[in-house]
Protein chains: 2
Amino acid sequence: MDLRVEKTKGSIANAFLSLRGRKPLEKITVKELCQLARINKSTFYTHYPDIFALSAALEREVVEAILADIPHPEGIFEHTEAFTQDLFRACNARSALIQTLFSGSREGRLIETLEAGLKELAFQRRPEYRQDPASHIVLSFVIYGGYYAYRKNLDCGLERVVDLVGRLSRQVGDFFPPGAEEQP
Amino acid sequence: MDLRVEKTKGSIANAFLSLRGRKPLEKITVKELCQLARINKSTFYTHYPDIFALSAALEREVVEAILADIPHPEGIFEHTEAFTQDLFRACNARSALIQTLFSGSREGRLIETLEAGLKELAFQRRPEYRQDPASHIVLSFVIYGGYYAYRKNLDCGLERVVDLVGRLSRQVGDFFPPGAEEQP
DNA sequence: AGAAAAGAGTTGGATAAACGACACAAGACG
DNA sequence: CGTCTTGTGTCGTTTATCCAACTCTTTTCT
């Protein structure tokens with residue numbers, strides 16, 4: 001990528017995160033962002049249509065980085081337990097960033113973006129599942145289940161939650177391919 | 001100034017000072033500077049002919065900043081004592097920067113650049129002295145005198161040196177216009 | 001409500017910076 | 001010694017960014 005683009009996007013991201021740490025997304029103006037990032041307003045618009053698109057792009061990037069950080073992504077089906085644990089680890093390593101990026105009105109975007117990323121990862125491994133509605137259901141089930149099991153039970157201790165969710169995920173993993181049940 | 005130029009020069013300066021803090025000027029290559037500053041080599045050459053010119057430019061800038069920091073530069077002749085004290089203060093506020101920029105082979109450049117800046121300041125106040133050799137002599141005398149009185153007697157305590165140099169400067173200031181002596 | 005200020009987005013033209021290639025010089029190394 | 005690497009400095013082309021000006025919308029203030 002062009003060095004100029006890299007630097008520009010970097011300073012936009014920095015400025016955005018700095019502002020986002022102090023105020024909700026909808027109160028951030030393009031003008032102040034550009035002043036902080038020391039770029040021209042028109043330069044911002046060559047990269048993002050508006051602030052929300054910028055936030056969405058950064059959200060996707062974080063999720064991408066999280067998934068790229070998992071040692072053995074190919075084990076998403078075969079070693080679901082280890083995969084889940086690595087996923088939690090990768091998220092934990094970015095807790096501060098996640099907190100600022102996904103706070104306020106962006107609360108629900110983390111799990112949604114994660115779901116999309118995880119499904120993409122899964123379907124790259126098993127393309128034949130992509131058109132199978134049952135696979136989508138099972139994946140959504142385990143992803144959202146794991147997420148909210150985590151969110152709603154933090155007081156149980158992180159390790160315990162991760163351990164249990166990991167084992168539950170493995171159980172669910174045994175259901176694949178889910179469509180098979182319907183044609184015995 | 002164009003925002004692009006500002007940012008480029010800024011990152012060049014930062015990279016240079018960072019390198020300069022670790023190695024002598026003549027060991028700094030254009031290549032590593034550009035890598036650190038994250039700019040293209042050709043961009044460097046559009047601003048500076050070589051590393052030495054860069055260093056010289058930064059040296060001048062520091063001296064400019066020091067002089068611009070003196071509350072009442074117009075008092076260079078009438079209130080030499082206060083002027084001297086303010087000058088020492090302004091230098092002290094940049095001691096770290098000065099140390100890295102004027103170390104090694106650049107040792108002597110601080111006082112030389114300071115002399116040029118102070119003379120320029122003086123001659124802007126009294127343009128009629130600019131062509132007068134005697135004025136140059138007296139100014140060089142007081143500037144270098146003050147500088148080395150400071151450098152060679154740091155163990156006497158800063159305040160004492162500044163106080164004495166300030167009073168001496170005032171004595172010398174009374175000699176102006178120096179050419180007058182020769183035509184009684 | 002109505003004026004004034006501030007922000008959103010767009011556009012056209014100017015230009016700084018990036019890129020890649022090049023010839024050349026200097027130092028390292030076997 | 002020759003070769004090989006590393007850095008220097010330049011050039012032509014492409015492109016990202018800047019800038020200034022503009023309209024339109026939103027917010028703020030009285």
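All of these numbers come straight from a predicted model, not from anything done at the bench. Naming: A, B, ... by sequence-line order, numbering from 1 per chain.
Formation of a donor-acceptor pair under 3.5 Å by the D163(B) side chain with backbone atoms of E159(B) is not found in this model.
With rounding to whole Å, I39(A) atom CD1 is found 16 Å from dA20(D) atom P. Look at CZ on F52(A): it is 12 Å from C1' on dA8(C), rounded to the nearest Å. One can place CG of L54(B) at 13 Å from P of dG9(D), the figure rounded to the nearest angstrom. The distance between atom CD of E32(B) and atom C1' of dT8(D), rounded to the nearest whole Å, is 14 Å. Here dA16(C) presents its P atom at 11 Å from CE of M1(B), a figure rounded to the nearest Å. To the nearest angstrom, C1' of dC19(C) lies 18 Å from CZ of F44(B). Between K7(B) atom NZ and dA16(D) atom P there is a gap of 15 Å when expressed in whole angstrom units. Note: NZ (K27(A)) to C1' (dG7(C)) measures 14 Å, nearest angstrom.
Under 3.5 Å, the side chains of S55(A) and E59(A) contain a donor-acceptor pair of N or O atoms.
Among dC11(D), dT17(D), dC19(D), the nucleotide with an atom closest to any side-chain atom of N40(A) is dC19(D). Ranking dG9(C), dA18(C), dC18(D) by closeness to the L3(B) side chain, first place goes to dC18(D). Side chain of T29(A), nearest nucleotide from dC19(C), dA8(C), dA21(C): dA8(C). Taking the side chain of Y45(A) as heavy atoms from C-beta on, and the options dG7(D), dA8(C), dA17(C), the nearest nucleotide is dA8(C). Closest to the side chain of T46(B), from the set dT8(D), dG7(C), dA17(C), is dA17(C). Minimum atom distance to the side chain of S42(B) is reached by dC19(C), of the listed dC19(D), dC19(C), dT17(D). For K41(B), whose side chain is taken as the heavy atoms from C-beta onward, the closest listed nucleotide among dC19(C), dG9(D), dA8(C) is dG9(D).
Residue side chain R4(A) does not reach the base of dT17(D) through any donor-acceptor N/O pair under 3.5 Å, judged by distance alone.
For R126(A) and F77(A), the positive end sits near the middle of the six-membered ring, less than 6.0 Å away and at most 45° from its axis.
Around the CZ atom of F141(B), the shell of radius 6.0 Å holds no more than 12 heavy atoms that belong to other residues, nucleotides or ligands.
Heavy atoms of T8(A) sit under 4.0 angstrom from primed sugar atoms or phosphate atoms, though from no base atom. At a threshold of 4.0 angstrom between heavy atoms, the contacts of K9(A) with the nucleic acid are absent.
Close to dA16(C), at under 4.0 Å from its OP1 or OP2, lies no side-chain N or O of T43(B). Within the 4.0 Å cut-off from OP1 or OP2 of dA16(C), not a single side-chain nitrogen or oxygen of H47(B) is found.
When each of V5(B) and K31(A) is assigned the nucleotide of DNA chain C with its nearest heavy atom, K31(A) is the one assigned upstream, toward the 5' end.
Salt bridge K9(A)/E61(A): absent, no basic N to carboxylate O contact under 4.0 Å.
Annotation: the span from K41(B) atom NZ to Q35(B) atom CD amounts to 10.5 Å, rounded to 0.5 Å.
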